[in-house]
Amino acid sequence: MEKRELIYEGKAKLLYNTDDKNLVIAEFKDDLTAFNGAKKDSEAGKGALNNKISTELFKMLAQNGVESHFIEMLDDNNMLCKKVDIIMIEVIVRNVATGSLSKNLGIPDGKILPFTLVEFDYKNDALGDPKLNDQHCLILELVKNEGELDLLRAMARQINDILRPFFATKGLNLVDFKLEFGRDENGNIILADEISPDNCRFWDLETGEKMDKDRFRQGLGGLKVAYEEVLKRIIG
Ligand code: 5GP
């Protein structure tokens with residue numbers, strides 16, 4: 001597969017065209033950003049870890065009937081993916097209150113939610129990824145109709161129902177995570193982006209230790225060791 005021109009640069013990945021019009025290569029970067037880009041750093045090897053973790057999780061989800069853009073891992077930092085039109089909604093799934101949910105609504109940090117919460121954020125850095133309700137999504141024409149919003153929620157819940165017990169068997173509490181979806185060449189909505197400690201929160205089930213990007217956001221250190229441990233537990 002030939003890597004051709006750069007088509008998009010995000011905060012954590014570069015996207016390249018290939019010699020196949022329906023396929024792209026995602027290159028995972030070592031860059032770390034938080035607070036909408038206000039805090040920046042880089043951690044050698046972080047991109048490769050996220051590529052490997054996402055690869056394992058996309059494969060596991062496929063075995064459980066969840067279609068994604070993942071085709072194959074090409075090398076340490078590069079993943080071959082189906083080309084999709086990204087839906088500009090960040091689908092946030094929460095099992096435990098923390099982060100912006102605790103900050104915005106005063107729900108105590110660490111409180112187990114009575115049911116899994118699915119929220120939508122606008123994928124728009126210039127606006128700081130604000131919260132969206134269904135009507136906002138329709139007014140902004142981020143989806144075609146309400147049925148597509150219900151589909152996004154159903155897919156997000158299905159993914160959570162697969163990932164949460166999987167991580168529990170690995171001694172990790174899947175606290176919350178962010179998903180992105182896109183339309184493939186047939187117009188079908190499929191899972192896209194990545195699933196990694198950059199966009200999930202994992203807390204060790206025994207110690208409560210944070211094993212995700214909060215180590216960077218909160219200046220806790222030990223980010224790479226935590227990501228390595230997540231990968232080790234996933235494949236172990
Ligand atoms: P919160 O809204 O509490 O900041 O984040 C909720 C969950 O979604 C966390 O797992 C967080 O990592 C993820 N998340 C929310 N927004 C973003 C984003 O813009 N980029 C990334 N990588 N993850 C996000």
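Both counts, for ligands and for their atoms, begin at 1 and track the order of listing.
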Assess whether a salt bridge exists between [X] and [Y], defined as any Lys/Arg side-chain N lying under 4.0 Å from an Asp/Glu carboxylate O.
X: R233; Y: D204; value: yes
X: K21; Y: E185; value: no
X: R4; Y: E2; value: yes

Tell me, which protein residue and heavy-atom name are nearest [atom], and how many Å apart are they?
atom: atom 1 (P) of ligand 1; value: S100 OG, 3.4 Å
atom: atom 12 (O) of ligand 1; value: R217 NH2, 2.9 Å
atom: atom 5 (O) of ligand 1; value: R201 NH1, 3.6 Å
atom: atom 7 (C) of ligand 1; value: D176 OD1, 3.5 Å
atom: atom 15 (C) of ligand 1; value: I92 CD1, 3.6 Å
atom: atom 13 (C) of ligand 1; value: K178 CB, 3.5 Å

Ligand-residue contact atoms, ligand 1 with [X], heavy atoms, under 4.0 Å:
X: F177; answer: 8 (O), 10 (O)
X: D129; answer: 19 (O)
X: G99; answer: 3 (O)

Point to revise | Test of proximity, D198 against ligand 1: N or O pairs below 3.5 Å | key: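 So ligand 1 has an N or O lying under 3.5 Å from an N or O of D198.
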
Which part of [X] is near ligand 1, with near meaning a heavy atom under 4.0 Å away: side chain, backbone, both or neither?
X: E90; result: side chain
X: D121; result: neither
X: A12; result: neither

Check your understanding: With a 3.5 Å cut-off and no angle check, do the side chains of D198 and N50 form a donor-acceptor pair?
Key -> yes

Review point. Is it true that R94 lies under 4.0 Å from ligand 1, counting heavy atoms only?
Key: yes

Check your understanding: Only one of D129, D125, D31, D193 clears salt bridge (Lys or Arg N to Asp or Glu O under 4.0 Å) with K11; which?
Key -> D125

Exercise for review: Scan for ring pair (Phe, Tyr, Trp, His ring centres under 6.0 Å) pairs involving residues 137-186, sequence neighbours excluded, and state none if there are none.
Suggested key: F167-F202

Practice item. Measure from NZ or CZ of K39 to the centre of the six-membered ring of F216 and say whether it is under 6.0 Å with the direction within 45° of the ring axis. Key: yes

Check your understanding: If you group Ile, Leu, Val, Met, Phe, Trp and Tyr whenever their side-chain heavy atoms sit less than 4.5 Å apart, what else falls in with L105?
Key -> L101, I107, L113, L117

